[in-house]
Visitor: 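I have a structure here, written as structure tokens, and I will follow up with some questions on it.
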Amino acid sequence: MQRELERRLAAVFGTTAQDPKAVTVSEALTALGRLSFLIFDVDQKISTMRLPKPDQHQRTILDALTGTGGASVRTSAANPASLALEGTAFS
């Protein structure tokens, strides 16, 4: 998995050998770690979880990791600030 993440990130950001500011797997995971579930109570029995909309850096990382047929990322029309990840298996 590490090598696949490195390959996908290098395809978009380059490698640290090419560019010292390239995004590493550790940096990507740290940036994506800031996306956390927000839990909203609908009523006393029902709650819903959502992810906040990723910032531009997170969006670029998600696109790099999912751009070759992996997961798709979509936002809800009802709540454009939320997103859902589908098909998160890496090829």
Visitor: If you round to the nearest 0.5 Å, how far is CD of Glu27 from CG of Leu32?
Guide: 12.0 Å
Visitor: Is a donor on one side and an acceptor on the other found under 3.5 Å between the side chain of Asp19 and the backbone of Lys21?
Guide: yes
Visitor: Would a single hydrophobic cluster contain both Ile39 and Leu51, if residues Ile, Leu, Val, Met, Phe, Trp and Tyr are joined by side-chain heavy-atom contacts under 4.5 Å?
Guide: yes
Visitor: Can you tell me how far apart CD1 (Ile61) and OG1 (Thr66) are? Round to the nearest 0.5 Å.
Guide: 11.5 Å
Visitor: Going from NE2 on His57 to CG on Asp55, what distance comes out if it is rounded to the nearest 0.5 angstrom?
Guide: 7.5 Å
Visitor: Could you walk me through whether Leu35 and Leu62 pass side chain to side chain contact (heavy atoms under 4.5 Å, CB included), step by step?
Guide: CA-CA 11 Å; Leu35 290 173; Leu62 287 169; 4.3 Å; yes
Visitor: Where do Leu9 and Ala28 come nearest, in terms of heavy atoms and distance?
Guide: CD1-CB, 3.8 Å
Visitor: Before accepting this row, confirm whether a basic side-chain N of the pair Arg59/Asp63 lies closer than 4.0 Å to the acidic partner's carboxylate O.
Guide: yes
Visitor: Using every non-hydrogen atom in the two residues, find where Ser36 and Pro52 come nearest and quote the distance to one decimal.
Guide: O-CD, 3.0 Å
Visitor: Answer with yes or no whether the hydrophobic clustering places Met1 together with Val25; edges join I, L, V, M, F, W, Y residues whose side-chain heavy atoms lie under 4.5 Å apart.
Guide: yes
Visitor: For the atom pair CZ (Arg50) and CZ (Phe37), what is the distance rounded to the nearest 0.5 Å?
Guide: 11.5 Å
Visitor: Rounded to the nearest 0.5 Å, what separation is found between the CZ atom of Phe13 and the OG1 atom of Thr24?
Guide: 10.5 Å
Visitor: Step by step, work out the salt bridge (charged side-chain N to carboxylate O under 4.0 Å, His left out) result for Arg7 and Glu4.
Guide: CA-CA 5 Å; Arg7 184 188 70 76; Glu4 182 62 17; 2.6 Å; yes
Visitor: Carefully, step by step, assess Phe40 and Val42 under the rule side chain to side chain contact (heavy atoms under 4.5 Å, CB included).
Guide: CA-CA 6 Å; Phe40 300 96; Val42 176; 5.8 Å; no
Visitor: Any chance you could measure Leu29, atom CG, to Leu5, atom CG, to the nearest 0.5 Å?
Guide: 6.5 Å
